[in-house]
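We use all heavy atoms of the structure for the numbers below, so side chains are in, but hydrogens, waters and symmetry mates are not. Keep in mind that what you see is a predicted model, and the values were worked out from it rather than measured.
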Amino acid sequence: MKKKLLFFIICLMTITFANAKNPSLNSVEKQNLSFQVISIFGDATPGAWVTDTDMTTTDGITYTLNGVSLVPGALKFRGDHAWTLPYNWGGTAFPSGTAVVDANGITIPSAGIYTITFNKTTAVYSFIFQTISIFGDATPGGWVTDTDMTTTDGTTYTLKGVALVPGALKFRGEHAWTLPYNWGGTAFPSGTAVVDGGGITVPTAGVYNITFNKITAVYSIASPPVSFQVISIFGDATPGGWVTDTDMTTTDGTTYTLKGVTLASGALKFRGDHAWTLPYNWGGSAFPSGTAVVDANGITIPNAGIYNITFNKVTGAYSFTFQTISIFGDATPGAWVTDTDMVTTDGIVYTLNLVALVPGALKFRGDHSWTLPYNWGGIDFPIGTAVVDGGGITIPKAGSYNIVFNKKTGAYSILIPSAPSMLSYATPNVFVSGTTITNLIPTLNIGLGNIVYSANPSLPLGLQLDPVTGIISGTPTTIKTQAIYTITATNSYGFSSKSISIDVQGKPTGLAYSGNLRLPINITIATVTPIVTANPAPIFSVVPALPSGMILNTNTGEITGRPTIETAVINYTITATNNRGSQNQSFTIEVFNNDHDFDGILDVNDNCPTVYNQDQSDIDHDGIGDACDLVDINVPQGFSPNGDGKNDTWFIINMVNHPNTSVRVLNNTGDEVYFSNDYQNNWNGEYKNTGKIVDQGSYFYQIDLGGDGSIDQQGWIYITK
């Protein structure tokens with residue numbers, strides 16, 4: 001009894017002394033002095049595979065780690081900063097599961113700030129992000145219920161489409177005011193929150209998208225953008241042809257507009273979301289205005305020009321109009337009070353015939369206002385190039401004038417009708433390369449004086465403009481996609497211009513690919529792009545079909561993909577075809593395979609190239625991998641029948657491939673200690689089925705493969721215990 005009392009007194013003194021040496025320890029830390037240290041360890045942790053990050057516990061069973069930064073990688077739980085079993089746990093599940101002793105590390109897929117728990121008794125673990133919420137009378141839950149935000153990394157938290165009312169809100173962690181996880185602020189709609197600050201004032205009710213960064217405390221409380229359906233024009237009359245939509249604009253999702261768009265002669269449709277999905281696909285028959293009909297044919301645009309387009313998605317009403325261009329100034333009939341409108345057939349060239357002008361100044365302007373850039377002046381008379389926001393053009397004397405103004409180039413003329421006027425050609429024009437065209441003959445009010453014709457830009461190669469007659473003739477020699485050419489008739493008094501469309505079509509020419517292809521199997525190829533000249537665009541085809549896994553884009557002729565089957569050298573012919581003809585190009589493709597078993601080791605270096613054997617094991621070192629070496633037996637030099645589960649029987653590699661094999665074992669005096677006429681790799685050193693294991697030492701063996709009476713292999717083995 002006295003000894004027990006003395007032992008208790010010594011223990012009490014030891015604890016008292018330890019506490020006296022560590023007066024700064026709190027009660028939990030003092031309690032933890034007696035619990036095992038559990039930590040996280042691995043390349044996903046702050047200390048990587050070098051330094052443990054210790055967890056905390058109050059009972060020696062449940063361990064936690066709050067607000068730890070992890071990166072993609074792996075980690076394990078371990079005890080006492082060592083791998084000592086059984087205090088070494090891994091696992092496969094994430095974000096929670098049951099750890100397994102000595103298993104591989106738990107994979108952390110995403111970087112973030114996590115709270116980790118681990119139960120040393122049950123091995124149950126979890127990785128979670130801290131809960132961050134909004135709280136306050138501006139939020140759905142008022143000052144009663146938190147509204148939780150979402151996160152994918154434990155740093156940036158979001159909340160989309162949340163309804164707020166005028167009032168205040170704060171960000172807080174774990175539904176509590178615990179510092180430092182309690183933030184307020186003064187700025188709206190964005191700013192940097194302050195720990196324990198006052199609530200952020202939300203001035204207006206609405207639906208908001210909220211973001212908050214727990215590390216930097218940067219936040220934003222923004223109204224989500226209003227999204228309307230995309231409505232576009234599509235067709236060969238539009239800038240994108242039948243390939244690319246030209247989007248319209250809207251402020252209400254009902255009325256859509258497009259200003260100053262260049263259209264060609266042809267057809268167009270209105271459609272939604274860049275697709276033909278009904279009912280968002282409209283056509284029509286009337287021009288320049290009408291009511292569109294779902295799934296009707298395209299609206300015909302008779303003349304190329306620059307148009308303003310409006311379309312009502314609800315009623316189907318549409319219109320194509322040209323911008324209003326007028327003359328304005330004290331030289332004009334309306335002086336500086338009323339605009340005098342010009343006329344146009346294409347939204348580019350505007351004219352005004354026989355208008356009475358007086359000495360003074362005039363300017364050209366759009367839509368009866370001074371809005372830039374639709375406000376032009378100039379310094380030259382009677383012909384010049386107008387400048388945006390320039391001064392008024394001086395009219396020196398009264399008279400009846402013909403006025404022409406080009407909105408695109410700024411070119412103008414203000415002439416008493418002695419200049420040529422009303423120049424016109426048939427347009428549009430589609431020609432074929434190599435085929436002589438029907439002459440294009442102009443009509444013109446020639447005015448007075450000799451006329452000289454010119455073209456801008458130069459006509460397609462092979463076509464000529466007669467400078468005296470204005471006749472366009474010839475045989476186009478090269479393909480040229482549709483373009484606009486301005487023909488001008490000029491005399492000493494002025495000029496008249498006409499823009500015409502010319503499209504030179506032809507069969508595909510110059511089709512070429514980079515050459516023969518030799519491609520490795522199962523590797524994505526670099527895109528093979530052809531060179532070709534064609535109008536209209538061709539469709540591509542190939543004979544025979546490309547190797548498995550490779551694709552020919554029939555619109556572009558590009559070859560892409562990943563060949564999946566080995567092939568010999570095969571000749572392929574690719575043909576580009578349009579409505580004018582076709583051209584083909586031939587080249588070879590070979591798909592080769594230097595690794596037939598796909599184990600990552602080239603056949604030339606693979607000791608078993610027909611069987612997947614990434615480890616290249618070759619236990620008998622004969623140069624033939626074990627995966628292929630199925631005939632030669634490999635006799636071990638010994639075994640240890642001691643019952644430890646390792647090397648307890650005499651296991652002869654490949655013996656299973658030689659049934660009915662006789663095996664005889666003799667001791668050093670020549671006495672037989674074991675015999676089998678169909679050896680199954682099961683001899684455990686037992687002496688002639690007596691239950692007794694032979695003595696440790698060397699023994700002579702003889703092996704008769706297949707039991708045909710001849711000894712195929714013999715030698716010595718050593719049995720140890």
Side-chain angles (χ1 to χ4, degrees), residues 43-44 71-74 92 94 104-105 107-112 152-153 230 240-245 273-277 508-578 582-617 625 627-628:
D43 56 11
V71 297
T92 57
F94 183 89
N104 291 333
T107 298
I108 308 301
S110 303
T152 58
D153 60 7
V230 174
W242 291 109
V243 178
T244 305
D245 291 75
D273 304 318
H274 298 176
W276 295 120
T277 308
T509 60
L511 177 62
Y513 284 82
S514 56
N516 299 330
L517 302 176
R518 188 171 186 270
L519 307 172
I521 196 169
N522 283 337
I523 301 297
T524 299
I525 71 170
T527 299
V528 180
T529 302
I531 298 172
V532 68
T533 300
N535 181 29
I539 298 297
F540 294 83
S541 60
V542 62
V543 175
L546 293 177
S548 176
M550 297 179 65
I551 299 169
L552 172 69
N553 187 313
T554 58
N555 292 320
T556 66
E558 291 180 338
I559 299 174
T560 58
R562 178 174 64 89
T564 59
I565 297 177
E566 183 179 7
T567 69
V569 177
I570 299 175
N571 190 71
Y572 296 88
T573 299
I574 294 183
T575 303
T577 304
N578 65 11
S582 64
Q583 187 185 34
N584 55 50
Q585 169 71 29
S586 295
F587 55 89
T588 63
I589 299 177
E590 176 190 1
V591 181
F592 66 91
N593 185 3
N594 287 336
D595 180 16
H596 282 82
D597 58 4
F598 301 106
D599 60 2
I601 300 169
L602 298 181
D603 292 346
V604 67
N605 300 320
D606 198 332
N607 63 15
C608 181
T610 60
V611 180
Y612 185 94
N613 62 331
Q614 196 174 43
D615 60 5
Q616 294 288 286
S617 62
C628 290

Requested in this report: Measure the spacing between OH of Tyr572 and CG of Leu517 and express it to the nearest 0.5 Å.
Outcome: 10.0 Å
**Report entry** Residues that Asn535 engages under side chain to side chain donor-acceptor pair (under 3.5 Å), provided they are two or more places apart
**Finding:** Asp503
Report task. With sequence neighbours left out, write down each residue that passes salt bridge (Lys or Arg N to Asp or Glu O under 4.0 Å) with Arg518, or none if nothing qualifies. Result -> Glu590
Report task. Kindly indicate whether the side chain of Val532, heavy atoms from C-beta on, has any atom under 4.5 Å from the side chain of Pro508. Result -> yes
Report task. May I ask you to decide if Ile574's main-chain N or O and Gln585's side chain share a donor-acceptor pair within less than 3.5 Å? Result -> no
Query - Pro547 side chain near Val591 side chain, heavy-atom distance below 4.5 Å - result: yes
Report task. Apply ring pair (Phe, Tyr, Trp, His ring centres under 6.0 Å) to Phe94 and list each qualifying residue two or more places apart in sequence or on a separate chain. Result -> Phe127
Report task. Please list, chain by chain and in numerical order, all residues satisfying side chain to side chain donor-acceptor pair (under 3.5 Å) with Ser548, sequence neighbours excluded. Result -> Thr564
**Report entry** Interatomic spacing from CG in Asn593 to CG in Leu519 - rounded to 0.5 Å
**Finding:** 12.5 Å
Requested in this report: Would you please name every residue forming a side chain to side chain donor-acceptor pair (under 3.5 Å) with Asp153, sequence neighbours left out?
Outcome: Thr151
**Report entry** Under the ring pair (Phe, Tyr, Trp, His ring centres under 6.0 Å) test, residues paired with Phe540 that sit two or more places apart
**Finding:** none
**Report entry** Point-to-point distance, once rounded to the nearest 0.5 Å, from CG of Leu511 to CD1 of Ile531
**Finding:** 9.5 Å
Query raised in the report: Given side chains that start at C-beta, do those of Val528 and Ser514 come closer than 4.5 Å, heavy atoms only?
Result: yes
Requested in this report: Not counting sequence neighbours, which residues clear salt bridge (Lys or Arg N to Asp or Glu O under 4.0 Å) with Glu558? List them please.
Outcome: none
Report task. Using side chain to side chain donor-acceptor pair (under 3.5 Å) as the criterion, list what pairs up with Asp273, not counting sequence neighbours. Result -> Gln229
Query - Qualifying ring pair (Phe, Tyr, Trp, His ring centres under 6.0 Å) pairs with a residue from residues 513-532, counting only residues at least two apart or across chains - result: Tyr513-Phe587
Report task. Can you sort out the partners of Pro520 under side chain to side chain contact (heavy atoms under 4.5 Å, CB included), two or more places apart, ordered by chain and number? Result -> Ile523, Phe592
Report task. Output the distance between atom CE (Met550) and atom CD1 (Ile559), rounded to the nearest 0.5 Å. Result -> 5.5 Å
Report summary line: Distance col, row Ile589:CD1 vs Thr567:OG1, nearest 0.5 angstrom, shows 8.0 Å
Query raised in the report: Closest heavy-atom contact between Gly73 and Ala44?
Result: C-CB, 3.7 Å
Query raised in the report: Would you say Asn104 has more than 12 foreign heavy atoms packed within less than 6.0 Å of its CG?
Result: no
Query raised in the report: Which residues satisfy the side chain to side chain contact (heavy atoms under 4.5 Å, CB included) test with Ser541, sequence neighbours excluded?
Result: Thr575
**Report entry** Side-chain donor-acceptor contact under 3.5 Å, Thr573 with Ser586
**Finding:** yes
Query raised in the report: Which atom pair, heavy atoms only, marks the closest approach of Asp43 to Val71?
Result: O-CG2, 3.4 Å
Query - Qualifying residues under side chain to side chain contact (heavy atoms under 4.5 Å, CB included), relative to Gln616, sequence neighbours excluded - result: Asp599, Ile601, Asp606, Asn607, Asn613
Report summary line: Smallest heavy-atom separation, Pro563 atom then Ile525 atom, equals CD-CG2, 3.8 Å
Query raised in the report: Would a 4.5 Å heavy-atom cut-off, applied to side chains only, mark Pro544 and Ile570 as touching?
Result: yes
